[in-house]
Amino acid sequence: MAQSVVGFVGLDEVSLELAASLLHSGYAVQAFETSSQLMDGFSKLGGKKCTNLTAAGQGVNALVVLISHADQIKDLFYGDEGVLKGLRKDVIIIVHSTIIPAQIQKLEKSLTEDYQMEIVVDMYALKAVSEVSNGKIMIISSGRSESTSRAQPFLSAMGEKLFLFEGDIGAGSKSKMVIELLEGIHFVASLEAMALGSQAGIHPWIIYDIISNAAGNSWVFKNYVPHLLKDNQSTHHLLSAFNQNLGIVLEMAKLLIFPVPLLTVAYQQILAGSSHVKDDEGTTLLKVWERLSGVNIIDAANAKGYSPQELASQLSTKSKTVKRIGFIGLGAMGFGMATHLLKSNFSVLGYDVYKPTLSRFENEGGIAGSSPAEVSKDVDVLVIMVTNEYQAESVLYGDNGAIAALPSGASIILSSTVSPAFVSQLERRLQNEQKNLKLVDAPVSGGVKRAADGTLTIMASGADEALEHAGSVLSALSEKLYIINGGCGAGSGVKMINQLLAGVHIASAAEAMAFGARLGLNTRLLFDVITNSAGTSWMLENRGPHMIENDYTPLSALDIFVKDLGIVSRECSSRRVPLHVSNVAHQLFLSGSAAGWGRIDDSAVVKFYETLTGVKVEGKPQALSKESVLCSLPSEWPTDPIEDIISLTQKNLKTLVVLDDDPTGTQTVHDIDVLTEWSTESLVEQFSRKPKCFFILTNSRSLSSEKASALIKEICSNLSAAAKTADDSEYTVVLRGDSTLRGHFPEEADAAISVIGEVDAWIICPFFLQGGRYTIGDIHYVADSEKLIPAGETEFAKDASFGYKSSNLREWVEEKTRGRIRASSVASISIQLLRKGGPDAVCERLCSLKKGSVCIINAASERDMAVFAAGMIQAELKGKSFLCRTAASFVSTWVGIIPKAPLLPGDLGISRERAGGLIVVGSYVPKTTKQVEELLSQRGHSLKRIEVSVDKIAMRSIEEREEEINHTAEIADVYLRSGKDTLVMTSRQLVVGKTASESLEINCKVSSALVEIVRRITTRPRYILAKGGITSSDLATKALEAKRARIVGQALAGVPLWQLGPESRHPSVPYIVFPGNVGDNKAVAEVVKRWALPGRLSTKELLLNAENGGYAVGAFNVYNLEGVEAVVAAAEEQRSPSILQIHPSALKQGGIPLVACCVSAAEQASVPITVHFDHGSSKQELLEVLELGFDSIMVDGSHLPFKENIAYTKYISVLAHSQNLMVEAELGRLSGTEDDLTVEDYEARLTDINQADEFIDSTGIDALAVCVGNVHGKYPASGPNLRLDLLKDLYDLSSKKGVNLVLHGASGLPKDIIAECIKRGVRKFNVNTEVRKAYMDSLTNAQKDLVHVMASAKEAMKAVIAEKMQLFGSAGKA
């Protein structure tokens, strides 16, 4: 590709560094600047000089325009020689400026709307000040999603860090305002701290040395205070800079109607200082501050200094031995301190008003006391760690107070944060006790963890004797121990200064973050910007995340700063030092306490701003209306690229090899192989087939990170070897992962790259429509009903093994790579590019990426996915290589698969198999639990449920585990054999370990138990449904021993359906892989319902199928078990539908058991069989028959006069239809004998066509038994004489009315007559005589035993029945 060119219009010192970075990255750079000195420097870097503005824009891909003042815009852009002259519309314009946002936005609007420039972004470049990136260029940029996406490669190449704000342009200017707000407040707070400390008698350099390494530190304090204390003349310029910059910020706040009380009062102080400088320009800034504060800081700074840490070091050599310590106040900090002293081999007696804490203390080895007095007896040192002065007074001098109980010569270490005045007063009171009690003023800093680790910072002061006596205790508790000269109260004075700064910094962080939110900035990104800028502070970095996460779990309660800044307020009042910023900060904390937030985290002071203004500082993406978001997107790319993809894949010889970390990745494809083992031989065989795609099931999500990485390396090595063997086959590796971002990333990607070598880009594409997973604006969403929930806020993000916080995929990459890949370096392809630029734009974007990039793919529809796939294949054809981490949708799109409807049992030819289906549930995500509950609600009546105790299989003994596994397998076997769908599910209470690895181990035990259960089930299930990724993988590979399977389609959208390979335990059994996170609550129930054994067809349906198929169904009279079994056996052998028919005389003899036998046989049969009652000539009999479970009945009123026959038939017909029974009736009358019922020839009569018309209409029957010369029993020797012409007329009539014809007396009819009858509409033949004869004849054969008689009779009847089925044409129709 041709070298990209970047033009610069205007240069400054920062611009030169940007240009140098671009040149170093391989870009060609040209520039125009009026300053010859800057141009000479640019030329030395290797840049090309341009003679005018227009020339700087010629032939460039991107143009950086430096704007210092808004009045430059007209000449730079729109003048006769302006940069727009001849500039291509697709050139990326980067506005390098921090003029006010409204002016930048006005410029963007003009450029894009009036001049049709496609891409405009802004840029603020500055030097980072963080420890990691100190002095390196960081860039803040913003613009529309498509604009920032296109500009990103150039912006990334210009600086070390890139912060991209999507949305309105002007984020650079806005971020600068927020940083300046913080700098101004921190600057004034630093001056206030030095003034109060100096007035309190603490050496300014001691304050600086301690605070610059403590929680009160800020960049401003650390970097400005030394210059101030040295009284440098250069510092006076700071006032004018702050004056100008803060004035702009205040104007913006007024415009936005946003209160900034801290900034306002800081600005007023700076204004006051500026007025002094104006009067005397030779005055240094510190002298100005001395005038304002009335404190002589310069002389204090120039006084003789000392080293607090050196004094602490000397103390350790003089410390006295301490054996017994009393400790009062076992709160969060105190408990950690006291237990650490126990670990340091001190004997510690502890007291706290909260009794459960005392029990915990005893469990740690401490001695609990019932009062302050009790823990003070016979101790060498007493440590007081209570909340405030009131509590300190109470435990020392109140009821059962410590002072009276302390032995003479004991030392008291007061570690509570109290005022210096309280400490001084306490020391005097102790001296009056006449017990030689010594006091050490030793406030602490560092937090709960450091307290427990013994790594606190302690600022101690007091008499030498007191310090020496307590020195060993102080050393044990601290990592940094400072001994402050000045007597008791000096230590608290330093702590007070630290708290002054810490409190102001928390409050200013709240003001800054809220102001940033009001400016419309992404607060999470803004926080990252600030922490790399001069606006940072220790407290902002520590408390800012609480504000962004909206998590106010009290690590340090807001009321603590009400107290600590209250101490500052009192001290400044008593010492007459005006502290404007500190007191306003105190008022903010007071406001928070008054609002009821006092006991939550001190970062909750931000709620003051949120409540007043309505802004939300929380940086988490919010749940959105799915419909609103999708409707707001641009229209899809107008043409479906699927045909292009199919064409491109024919040119692209690469095979897509999908390494699937669980089986659910096959959820969008069909007619593709999946391998469960990856030997080189298997892979060679697979490559030799030249497939466009195949899957390898790794199941790596169930492994530890180390094992997963090793597995991917092994597979990739085998792939490489196999590809070379198979004619150097080319392939692209896809790491198919979870659409909710769980899995081993980046470990698996790193492992793959270590084998296959560096690729041009990693593709991150978790879009999966069927699962409701959308990526929009780089944020990944999970659809929940009508809402789009950011993925980081879902149950999936809380996964015990693969949890995460970020929903923004750029930030997710940074989070998962632990900062190795910065969010700002991650590229993306936006929906706007997909929908407006199409595949060619995708290809161009991919080809422009820096080698080794990571690229996020946004998508909100299958069309988006297809556009990307087409563009990626184009890029591959141009020689680009990619490693993909994707969800399932990408695979099917890249291959060019056209979706097909979900499959049903009939599609696989198993609709009539009678074994039960096996449903195994191991997934624990809440969605699965809800789906199981719905399954039981809908299908519980027809489903057998077995719950496996997770406690027994994962947490108990081997014997209990084995018993649970065996018991479950045995019961499941019984259920499946009886044709019952069987649910084997783990108990729903989630059992997790203390660590992610322990949780994974529990998951493995559960999964292996399910494997053993399925392995021990011997019955071949009709189908298997496995719920959950790990579960489905382990069952397929370990329990069912499948080495390969064919993905035949889906059982439901997003639910893969496999057929197991021939080597498996159950070849060709349908295997439904149901992901844990797919479908609504009813999804599992829907699949189980679709795959349930179909209900028996009705007799009416049997005859309707016969009508449509042009055949007839045999109805065979049965009298006993042998007859029933003969019919069923013949039907299953011939794959024929059939009817079990009971005559009244048979019912009289066999009774209800005979009917039950027929019904049960019909239910268990693998072909459609119904049960019919024949020749019901008695009303009473028929009324009883209606309740016995028949599928159909024959109402025989043929012996009645026509009208009575109609009335009788109609009466029964209405009752039968109310119970969904088919009704057959006879018109005309057959002669002959059936079951001892004889109709003489003179009584017989043919069916009258005219009567038939009226009879059908009047009775509502479903089938008509006709008399056309047919007879019951044997036909005469001359053979049957059927009126086929009458039969045709009857068929013409009945077919119009939806009534089927039935012919009784089929025994003895020759083949040709049968065929003619079927042709003329007969759909049911009654067969009795020949079957009865076969039975009777079999009895004449000598048999040894009754069972032999039964078997012989059954076989004899079966042969006749099978012959009839072939004759009737029903064989093979089931």
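We're numbering straight along the sequence, starting at 1. Computed from a predicted model, the values in this text were never measured in an experiment.
- Without hydrogens or angle criteria, Asp760 side chain to Ser881 main chain gives a donor-acceptor distance under 3.5 Å.
- Within 6.0 Å of CD in Glu786 there are 12 or fewer heavy atoms belonging to other residues, nucleotides or ligands.
- The line from OG1 of Thr98 to CE of Met177 is 8.5 Å long, rounded to the nearest 0.5 Å.
- Using the six-membered ring where Trp is involved, Tyr609 and Phe258 have ring planes that are parallel, under 30° apart on the 30 and 60° scheme.
- For the residue pair Lys85 and Asp80, the shortest heavy atom distance occurs at CD-O, 3.3 Å.
- Other residues, nucleotides and ligands place more than 12 heavy atoms under 6.0 Å from the CG atom of Asp71.
- A donor-acceptor pair is defined here as one N or O able to donate and one able to accept, closer than 3.5 Å; such a pair exists between the side chain of Ser175 and the backbone of Ala171.
- Note that the CE atom of Met123 and the CD1 atom of Ile94 stand 6.0 Å from one another [nearest 0.5 Å].
- Each ring-ring contact (aromatic ring centres under 6.0 Å, His included) pair with one or both residues in residues 37-71, not counting sequence neighbours, would appear here, but there are none.
- Glu643 places no side-chain N or O within donor-acceptor distance of the main-chain N or O of Asp640, the cut-off being under 3.5 Å.
- A salt bridge links Glu811 with Arg524; the closest basic N to acidic carboxylate O contact falls under 4.0 Å.
- Arg835 and Ser635 form no side-chain donor-acceptor contact under 3.5 Å, judged by distance and modelled atom types alone.
- Put simply, the side chain of Glu610 reaches to within 4.5 Å of the side chain of Val617, judged on heavy atoms.
- Formation of a donor-acceptor pair under 3.5 Å by the Ser147 side chain with backbone atoms of Gly143 is not found in this model.
- Taking 4.5 Å as the limit, every side-chain heavy atom of Glu118 sits out of range of all side-chain heavy atoms of Val91.
- For Lys74, the NZ atom sits in a loose shell: 12 or fewer heavy atoms of surrounding residues, nucleotides or ligands are nearer than 6.0 Å.
- With contacts defined as side-chain heavy-atom distances shorter than 4.5 Å, the pair Ile140/Leu126 qualifies.
- Put simply, the side chain of Ser173 never gets that close to the backbone of Gly170: no donor and acceptor are under 3.5 Å apart.
- Arg822 and Glu814 are joined by a salt bridge, as a carboxylate oxygen and a charged side-chain nitrogen come within less than 4.0 angstrom of each other.
- Here the CD1-CG distance, from Ile856 to Leu809, works out to 4.5 Å after rounding to the nearest 0.5 Å.
- Annotation for Phe163 and Val529: closest pair CG-CG2, 3.5 Å, computed over non-hydrogen atoms.
- Put simply, the side chain of Glu33 gets close to the backbone of Leu11: a donor and an acceptor are under 3.5 Å apart.
- Judged by distance alone, with hydrogens and angles left aside, the side-chain atoms of Asp122 form no donor-acceptor pair with the main-chain N or O of Ser141 at under 3.5 Å.
- The ring-ring contact (aromatic ring centres under 6.0 Å, His included) pairs that include a residue from residues 71-125 are Tyr78-Tyr115, where partners are two or more places apart or lie in different chains.
- Side chain of Glu146 to backbone of Leu833: a donor-acceptor contact under 3.5 angstrom is found.
- The line from CZ of Arg863 to CD1 of Ile642 is 10.0 Å long, rounded to the nearest 0.5 Å.
- Side-chain contact between Leu256 and Phe515: present, with at least one pair of heavy atoms (C-beta onward) separated by less than 4.5 Å.
- Ion pair Lys127/Glu17 flagged as a salt bridge, since at least one NZ, NE, NH1 or NH2 atom sits closer than 4.0 Å to an Asp/Glu carboxylate oxygen.
- Annotation for His780 and Phe767: closest pair CE1-N, 4.1 Å, computed over non-hydrogen atoms.
- For Phe165, the ring pair (Phe, Tyr, Trp, His ring centres under 6.0 Å) criterion is met by no residue, not counting sequence neighbours.
- To the nearest 0.5 Å, atoms CG (Asp778) and OG1 (Thr148) are separated by 7.5 Å.
- A donor-acceptor contact closer than 3.5 angstrom is absent between the side chains of Thr775 and Asn858.
- In this structure, Leu164 CG and Ile139 CD1 are separated by 9.5 Å, a value rounded to the nearest 0.5 Å.
- Every residue was checked against the ring pair (Phe, Tyr, Trp, His ring centres under 6.0 Å) condition with Phe32, not counting sequence neighbours, and none meets it.
- Side-chain contact, Arg845 with Ser149: a donor N or O sits under 3.5 Å from an acceptor N or O.
- When side chains are defined from C-beta on, Val6 does not count as touching Val60, because their heavy atoms never get closer than 4.5 Å.
- Within a 6.0 Å sphere centred on NZ of Lys851, heavy atoms belonging to other residues, nucleotides or ligands number more than 12.
- Between the side chains of Ser240 and Asn243, no donor-acceptor pair is found at a separation under 3.5 Å.
- Put simply, the side chain of Asp864 gets close to the backbone of Ser861: a donor and an acceptor are under 3.5 Å apart.
- Between the side chain of Ser274 and the backbone N or O of Ile270, at least one donor-acceptor pair lies under 3.5 Å.
- Applying the ring pair (Phe, Tyr, Trp, His ring centres under 6.0 Å) rule to Phe868 yields no partners; only residues at least two apart in sequence or on another chain are considered.
- For Gln152 against Ser825, the heavy-atom pair with the smallest separation is NE2-C, 3.8 Å.
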Working for ring pair (Phe, Tyr, Trp, His ring centres under 6.0 Å), residues Tyr27 and Phe154: CA-CA 9 Å; Tyr27 289 87; Phe154 301 95; 5.4 Å; yes
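- More than 12 heavy atoms of other residues, nucleotides or ligands lie within 6.0 Å of NZ in Lys620, so this atom counts as buried by the packing criterion.
- With sequence neighbours excluded, no residue forms a ring pair (Phe, Tyr, Trp, His ring centres under 6.0 Å) with Tyr267.
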